[in-house]
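Remember, it's a predicted structure, so these values are computed and weren't measured experimentally.
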Amino acid sequence: MKYYIIAGEASGDLHASNLIKELKRIDANAQFRCWGGDLMKAQGAHVVKHYKDLAFMGFLEVVLNLRTILQNIRFCKNDILMFNPDVVILVDYPGFNLRIADFTNKKKIKTYYYISPQIWAWKQSRVHAIKRTVDKMFVILPFERAFYEKFNYQVDFVGHPLLDAIQNYETLKDKHAFFSKNELANKPIIALLPGSRKQEIKSKLPIMASVVKYFPEYQFVIAAAPSQSFDIYQSIAAQHGIKIVSGQTYDLLTNSAAALVTSGTATLETALCNVPEVVCYKGSSVSYHIAKRLIKVKYISLVNLIMDKEIVKELIQNELTEENLKIELQKIISDTNKIESVKKSYKELEQKLGGLGASKRCAELMYNYLTLQNEK
């Protein structure tokens with residue numbers, strides 16, 4: 001069968017690549033045309049647009065890049081028609097993908113959604129568009145099935161694919177090998193994960209770096225996003241004596257004592273690597289104040305949302321200051337009770353996420369649904 005997959009971010013590239021791997025296993029004739037990244041390409045997909053050219057964060061940033069976004073949508077629609085797929089699989093990235101779902105529905109092209117938009121957090125009215133345009137929804141967070149049931153829409157909970165991604169990743173668990181490879185000092189590490197988008201990195205990395213001077217017994221190491229050049233990190237890193245590693249996030253987390261993490265999927269990755277963390281968020285003033293009026297959840301990190309309580313500290317907008325970050329980081333590297341409590345909660349979190357095999361379950365469900373449809 002022919003699969004057209006759209007992933008607009010680094011996390012989508014990761015999860016879509018694992019889905020492609022599993023679909024290839026059960027569909028020997030599978031063809032993949034995609035919007036995504038290097039990981040999807042490595043699985044044999046033809047990538048027509050890279051996610052690094054698609055990622056615009058926040059309300060203001062979207063408005064400023066509206067012309068480019070509309071051009072991309074037009075191109076995508078024409079490309080789908082040219083490829084004539086058996087199914088279009090949308091991976092998160094709702095601002096773009098929900099527009100495509102409306103188009104594919106009108107063209108009577110089978111449309112699946114893998115990794116639900118976070119409509120439970122804001123824009124809950126989007127559920128009606130999803131019910132109208134998406135044939136099957138595959139969710140990865142345990143509370144999402146109940147959310148959709150409130151709107152009389154049945155979805156499949158497949159578990160969280162990060163469990164597999166981390167389990168399957170061949171990390172350099174030998175501390176000396178990792179340190180040697182990256183020419184690191186003989187000091188414990190505090191990881192900095194400032195995000196994968198330029199706007200995120202520019203707004204949060206300087207604040208993260210500002211606390212380096214308070215912890216001379218530690219070395220700070222930035223997990224650079226593979227989609228970004230070192231230049232965006234280098235000027236800040238050089239000022240504070242911070243090392244940079246790229247494409248080694250799980251290696252870095254495995255060897256870290258603590259982490260400062262931008263809000264998003266990275267907060268969950270850090271938790272599943274069993275690393276105490278402080279979650280950081282800071283956007284443009286306009287974007288933040290609009291979001292504050294619309295968002296309907298108590299927390300911004302996936303860790304706290306899934307557990308429905310504060311497990312990790314969130315420093316949001318004006319709370320994200322040098323002083324606050326110093327205080328919270330000190331707690332998760334020196335308060336033994338705090339560290340033990342966090343790690344105990346991480347174990348509970350892992351159990352709630354459905355266990356290993358999410359990508360396999362999702363691929364098999366998709367293939368079975370498609371096969372049954374074709375037999376009718």
Peer 1: What heavy-atom pair brings Tyr299 and Lys309 nearest, and what distance separates the two atoms?
Peer 2: OH-CA, 3.4 Å

Peer 1: Do Leu320 and Ile300 share a hydrophobic cluster (ILVMFWY, side-chain heavy atoms under 4.5 Å, transitive)?
Peer 2: no

Peer 1: Quickly, which of Glu319, Glu200, Gln317 forms a side chain to side chain contact (heavy atoms under 4.5 Å, CB included) with Lys282? Name it, please.
Peer 2: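 It is Gln317; the other options fail the test.
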
Peer 1: Flag the pair Asp308 and Lys298 as a salt bridge only when some basic side-chain nitrogen lies within less than 4.0 angstrom of an acidic carboxylate oxygen.
Peer 2: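 Counted as a salt bridge, because a side-chain N and a carboxylate O are separated by less than 4.0 Å.
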
Peer 1: Side chain of Ser180, backbone of His176: donor and acceptor closer than 3.5 Å?
Peer 2: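 No: the side chain of Ser180 does not pair with the backbone of His176.
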
Peer 1: Give a yes or no on whether Lys198 atom NZ has more than 12 heavy-atom contacts from other residues, nucleotides or ligands under 6.0 Å away.
Peer 2: no

Peer 1: Measure the shortest side-chain to side-chain distance between Tyr153 and Ile130 over non-hydrogen atoms and say whether it is less than 4.5 angstrom.
Peer 2: yes

Peer 1: Counting distance only, does the side-chain N/O of Ser210 pair as donor-acceptor with the main-chain N or O of Ile207 below 3.5 Å?
Peer 2: yes

Peer 1: Excluding sequence neighbours, so at least two apart, what forms salt bridge (Lys or Arg N to Asp or Glu O under 4.0 Å) with Lys213?
Peer 2: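 Partners of Lys213 by the salt bridge (Lys or Arg N to Asp or Glu O under 4.0 Å) criterion, ordered by chain and then number, come out as Glu322.
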
Peer 1: Taking atom NZ of Lys131 as the centre, does the number of heavy atoms from other residues, nucleotides or ligands within less than 6.0 Å exceed 12?
Peer 2: yes

Peer 1: Using a strict cut-off of less than 4.0 Å between a Lys/Arg side-chain nitrogen and an Asp/Glu carboxylate oxygen, indicate whether Lys347 and Glu350 qualify as a salt bridge.
Peer 2: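 Between Glu350 and Lys347 there is no salt bridge, as every charged N stays at least 4.0 Å from the carboxylate O atoms.
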
Peer 1: Restricting to non-hydrogen atoms, name the atom on Asp164 and the atom on Gly357 that form the minimum distance, rounded to 0.1 Å.
Peer 2: OD1-N, 2.8 Å

Peer 1: Quick check for you: to the nearest 0.5 Å, what is the distance between Leu162 atom CG and Leu353 atom CG?
Peer 2: 8.5 Å

Peer 1: Which atom names give the shortest non-hydrogen contact between Pro276 and Val342, and what distance separates them?
Peer 2: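 Shortest heavy-atom contact: CA-CG1, 4.3 Å.
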
Peer 1: Compare all side-chain heavy atoms of Ile189 with those of Leu184 and state whether any distance is below 4.5 angstrom.
Peer 2: yes

Peer 1: Would you find a donor on one side and an acceptor on the other, under 3.5 Å apart, between the side chain of Lys326 and the backbone of Tyr214?
Peer 2: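 No, Lys326 side chain to Tyr214 backbone: no donor-acceptor pair under 3.5 Å.
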
Peer 1: When you check the gap from the basic side-chain N to the acidic O, do Arg132 and Asp102 get nearer than 4.0 Å?
Peer 2: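 So Arg132 pairs with Asp102 through a salt bridge.
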
Peer 1: Using side-chain contact (heavy atoms from CB on, under 4.5 Å), reason through Glu328 and Ile332 one step at a time and then give a plain yes or no.
Peer 2: CA-CA 7 Å; Glu328 296 304 328; Ile332 61 171; over 6 Å; no

Peer 1: Test Phe75 against Gln71 for side-chain contact (heavy atoms from CB on, under 4.5 Å), laying out the working first.
Peer 2: CA-CA 6 Å; Phe75 174 83; Gln71 288 173 346; over 6 Å; no

Peer 1: Closest approach of Lys204 and Pro194, non-hydrogen atoms and distance?
Peer 2: CE-O, 4.4 Å

Peer 1: Kindly determine whether Ser116 and Tyr148 satisfy side-chain hydrogen bond (donor to acceptor under 3.5 Å, both in side chains), including the steps that lead there.
Peer 2: CA-CA 10 Å; Ser116 169; Tyr148 277 108; 2.7 Å; yes

Peer 1: Same cluster or not: are Ile311 and Leu325 linked, directly or through other Ile, Leu, Val, Met, Phe, Trp or Tyr residues, by side-chain heavy atoms under 4.5 angstrom apart?
Peer 2: no

Peer 1: Would one find more than 12 heavy atoms of other residues, nucleotides or ligands at under 6.0 Å from atom CG of Asn78?
Peer 2: yes

Peer 1: Identify whether NZ of Lys or CZ of Arg in Lys243 sits under 6.0 Å from the centre of the six-membered ring of Phe220 and within 45° of that ring's axis.
Peer 2: no

Peer 1: Please determine whether residues Leu329 and Ile316 belong to a single hydrophobic cluster, defined as Ile, Leu, Val, Met, Phe, Trp and Tyr linked transitively by side-chain heavy-atom distances below 4.5 Å.
Peer 2: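 As far as the 4.5 Å side-chain criterion goes, Ile316 and Leu329 are not connected within one cluster.
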
Peer 1: May I ask you to test the Asp86-Tyr3 pair for a side-chain heavy-atom distance under 4.5 Å?
Peer 2: no

Peer 1: If you define the side chain from C-beta out and look only at heavy atoms, does anything of Glu269 sit under 4.5 Å from Thr265?
Peer 2: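 Result yes, sub-4.5 Å side-chain heavy-atom pair found.
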
Peer 1: Rounded to the nearest 0.5 Å, how far apart are CG of Leu192 and OG1 of Thr262?
Peer 2: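 If we round to the nearest 0.5 Å, Leu192:CG and Thr262:OG1 are 11.5 Å apart.
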
Peer 1: Using 4.0 Å as the upper bound for N to carboxylate O, is an ion pair formed by Glu364 and Lys360?
Peer 2: yes

Peer 1: Any side-chain heavy-atom pair from Tyr114 and Ile5 closer than 4.5 angstrom?
Peer 2: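 Result no, sub-4.5 Å side-chain heavy-atom pair not found.
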
Peer 1: Is it true that, when you exclude Lys187 itself, more than 12 heavy atoms of the residues, nucleotides or ligands shown sit nearer than 6.0 Å to its NZ?
Peer 2: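 More than 12 within 6.0 Å, yes.
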
Peer 1: Run the side-chain hydrogen bond (donor to acceptor under 3.5 Å, both in side chains) test on Ser301 and Ser263 for me, step by step, so that the C-alpha distance in whole Å, both residues' side-chain angles and the decisive distance to 0.1 Å come before the verdict.
Peer 2: CA-CA 6 Å; Ser301 71; Ser263 57; over 6 Å; no

Peer 1: When rounded to the nearest 0.5 angstrom, what is the spacing between CZ in Phe96 and CD1 in Ile100?
Peer 2: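 The CZ atom of Phe96 sits 4.5 Å away from the CD1 atom of Ile100.
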
Peer 1: When you compare the side chain of Val87 with that of Tyr367, does any pair of heavy atoms fall below 4.5 Å?
Peer 2: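 Tyr367 vs Val87: side chains apart.
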
Peer 1: Output the distance between atom SG (Cys34) and atom NZ (Lys41), rounded to the nearest 0.5 Å.
Peer 2: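 Separation between the atoms: 12.0 Å.
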
Peer 1: How about Glu183: does its CD atom have over 12 heavy atoms from other parts shown lying under 6.0 Å from it?
Peer 2: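 It does not: Glu183 CD has 12 such atoms or fewer within range.
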
Peer 1: Where do Val275 and Leu253 come nearest, in terms of heavy atoms and distance?
Peer 2: CG2-O, 3.2 Å

Peer 1: Going by an N to O cut-off under 4.0 Å, is there a salt bridge joining Lys343 and Glu340?
Peer 2: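 The answer is no: the pair does not qualify as a salt bridge.
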
Peer 1: What pair of heavy atoms forms the shortest contact from Gly195 to Ala225, and how long is it?
Peer 2: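 For Gly195 and Ala225, the tightest heavy-atom pair comes out as O-CB, 4.1 Å.
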
Peer 1: As a quick check of understanding, evaluate side-chain contact (heavy atoms from CB on, under 4.5 Å) for Asp251 and Val245, giving each step before the final call.
Peer 2: CA-CA 10 Å; Asp251 294 323; Val245 301; over 6 Å; no

Peer 1: Return yes if some donor-acceptor pair links the side-chain N/O of Lys331 with the main-chain N/O of Lys313 below 3.5 Å, else return no.
Peer 2: no

Peer 1: Side chain of Arg361, backbone of Leu356: donor and acceptor closer than 3.5 Å?
Peer 2: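 Looks like yes, one N/O pair under 3.5 Å.
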
Peer 1: If we only count heavy atoms from C-beta on, is the Val139 to Phe147 side-chain gap below 4.5 Å?
Peer 2: no

Peer 1: Do you see a donor-acceptor pair shorter than 3.5 Å between the side chains of Asn368 and Thr371?
Peer 2: no

Peer 1: Would the distance check show the side chain of Asn18 and the main-chain N or O of Ser359 forming a donor-acceptor pair, the cut-off being under 3.5 Å?
Peer 2: no

Peer 1: Look up atom CD in Glu144 and atom CD1 in Ile115, then write down how far apart they are to the nearest 0.5 Å.
Peer 2: 9.5 Å

Peer 1: Gln43 vs Phe32, test: side-chain contact (heavy atoms from CB on, under 4.5 Å). Steps then yes/no.
Peer 2: CA-CA 9 Å; Gln43 286 297 329; Phe32 299 94; over 6 Å; no

Peer 1: Does any N or O in the side chain of Thr254 come within less than 3.5 Å of the main-chain N or O of Tyr250, such that one atom is a donor and the other an acceptor?
Peer 2: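 Looks like yes, one N/O pair under 3.5 Å.
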
Peer 1: Check for me, please, whether Leu272 and Ile339 land in the same ILVMFWY cluster - side-chain distances under 4.5 Å, paths through other members count.
Peer 2: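 Looking at the clustering, Ile339 is in a separate group from Leu272.
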
Peer 1: Does one hydrophobic cluster hold both Leu19 and Ile26, with members joined at side-chain heavy-atom distances below 4.5 Å?
Peer 2: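 Leu19 clusters together with Ile26.
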
Peer 1: Keeping to residues at least two apart or across chains, list the ring-ring contact (aromatic ring centres under 6.0 Å, His included) pairs with something in residues 126-145.
Peer 2: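 Checked against ring-ring contact (aromatic ring centres under 6.0 Å, His included) - neighbours excluded - the pairs reaching residues 126-145 are Tyr112-Phe138, Trp120-Phe143, His128-Phe151.
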
Peer 1: Is the shortest heavy-atom distance from the side chain of Leu315 to the side chain of Val279 under 4.5 Å?
Peer 2: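 They are not in side-chain contact.
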
Peer 1: Consider only side-chain N and O atoms of Asp92 and His15, and report whether a donor and an acceptor are under 3.5 Å apart.
Peer 2: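 Not at all, the side chains of Asp92 and His15 share no donor-acceptor pair under 3.5 Å.
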
Peer 1: Do we get Lys136 above Tyr113's six-membered ring, with its NZ or CZ under 6.0 Å from the centre and within 45° of the axis?
Peer 2: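 Geometry flag: not set, cation outside 6.0 Å or 45°.
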
Peer 1: Enter the distance from Ser256:OG to Phe178:CZ here, rounded to the nearest 0.5 Å.
Peer 2: 7.0 Å

Peer 1: In terms of side-chain heavy atoms, does Asp156 have a donor or acceptor partner in Tyr369 at a distance below 3.5 Å?
Peer 2: yes

